[in-house]
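Below is one structure, written out as structure tokens; comments come after it.
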Amino acid sequence: MDAARLVAEAERAMRGDPQPERVIAEAWQAYELTEAVGRLLGDDRERPVARAGPVPVVTAVGTGPPRAVRLTGVRDAAGTLRALRTLLGEIGLSLVAITCAAEDEAAYSQCIEALDAVDEAKDRIRELAGRGGD
């Protein structure tokens, strides 16, 4: 499936008022999708891995398997990178609000980890766009 369609699925999932666990799951979905888009755009050179541990499972209720596994192509690299950047911004804003309302340390930590993933994905988008993708 084309990357733009997968980004559109994520945008639909974020419409309305998604529950905190859904927003966190969407953050990881977007992170994985960004990495997969980078691989398809030919950025297979080694780069430092900032994530110390495994990426959490992103199959929160209603999200299904990671969207990135369905990625088969990127028809419009520049448009896809712009859409991913916008999506990551929306997810980041939602995560900030959820983080501020977190009632326990575990929920707060999950939000912070998801925010870190969103920031890493945004950095990745900047790298890819700087290579001529945008």
Side-chain angles (χ1 to χ4, degrees):
M1 181 177 289
D2 183 62
R5 290 182 64 194
L6 294 172
V7 172
E9 282 183 21
E11 290 168 339
R12 282 190 295 277
M14 287 298 297
R15 282 191 192 125
D17 188 23
Q19 296 300 307
E21 60 275 354
R22 180 69 182 228
V23 175
I24 291 168
E26 288 302 326
W28 290 109
Q29 290 268 11
Y31 172 85
E32 289 183 0
L33 183 57
T34 300
E35 288 298 311
V37 165
R39 286 189 298 276
L40 273 181
L41 292 178
D43 185 36
D44 56 3
R45 65 181 182 258
E46 288 197 32
R47 44 183 203 98
V49 177
R51 187 138 309 280
V55 173
V57 177
V58 293
T59 54
V61 175
T63 61
R67 286 185 193 96
V69 300
R70 298 188 336 232
L71 180 64
T72 58
V74 181
R75 289 187 188 133
D76 175 13
T80 297
L81 294 176
R82 278 191 303 274
L84 271 170
R85 184 181 308 125
T86 300
L87 174 66
L88 289 163
E90 291 171 6
I91 292 170
L93 289 174
S94 293
L95 282 170
V96 167
I98 293 167
T99 302
C100 291
E103 294 182 8
D104 60 60
E105 192 171 328
Y108 179 83
S109 293
Q110 283 184 327
C111 290
I112 295 300
E113 288 176 12
L115 274 168
D116 286 345
V118 166
D119 284 342
E120 287 178 31
K122 286 179 182 179
D123 290 344
R124 184 80 162 117
I125 296 293
R126 278 190 285 279
E127 287 176 22
L128 293 166
R131 291 183 36 239
D134 195 20

From the list Leu84, Thr80, Val37, side chain to side chain contact (heavy atoms under 4.5 Å, CB included) partner of Ile125 resolves to Leu84

For Ala77 and Leu41, the nearest pair of non-hydrogen atoms, with its separation, is CB-CD2, 3.8 Å

From Leu33 atom CG to Glu26 atom CD, the distance as rounded to the nearest 0.5 Å = 10.5 Å

Drop me the distance from Gln110's CD to Asp104's CG, to the nearest 0.5 angstrom.
-> 8.5 Å

For the atom pair OG (Ser94) and CD1 (Ile24), what is the distance rounded to the nearest 0.5 Å?
-> 11.0 Å

Any chance you could lay out the side chain to side chain contact (heavy atoms under 4.5 Å, CB included) test for Val118 and Tyr31, step after step, and finish with the verdict?
-> CA-CA 6 Å; Val118 166; Tyr31 172 85; over 6 Å; no

For Ala27 and Ala114, which heavy atoms make the closest approach, and how far apart are they?
-> CB-CB, 3.9 Å

With the 4.5 Å side-chain cut-off for hydrophobic clustering, are Met1 and Val7 part of the same group?
-> yes

Just how far is it from atom CG of Leu128 to atom CD of Glu35, taken to the nearest 0.5 Å?
-> 8.5 Å

Gly92 and Leu115 have their tightest heavy-atom pair at O-CD2, 3.8 Å

To the nearest 0.5 angstrom, please state how far the CG atom of Leu93 sits from the CE atom of Met14.
-> 9.0 Å

Is any side-chain N of the basic residue among Glu11 and Arg15 closer than 4.0 Å to the acidic one's carboxylate O?
-> no

Closest heavy-atom contact between Gly38 and Arg124?
-> CA-NH2, 3.7 Å

Verify, without hydrogens or angle tests, whether Gln29 (side chain) and Arg67 (backbone) share a donor-acceptor contact under 3.5 angstrom.
-> yes

Tell me, yes or no, whether the heavy-atom count around Arg70 atom CZ, taken from other residues, nucleotides or ligands under 6.0 Å, exceeds 12.
-> yes

Which heavy-atom pair separates Leu88 from Ala30 by the least distance, and what is that distance?
-> CD2-CB, 3.6 Å

If you group Ile, Leu, Val, Met, Phe, Trp and Tyr by side-chain heavy-atom gaps below 4.5 Å, do Ile91 and Val96 land in one group?
-> yes

Inter-residue atom distance Leu40.CG - Thr72.OG1, 0.5 Å rounding = 8.0 Å

Identify the heavy atoms of Trp28 and Glu113 that sit nearest to each other, and give their distance.
-> CZ2-O, 3.7 Å

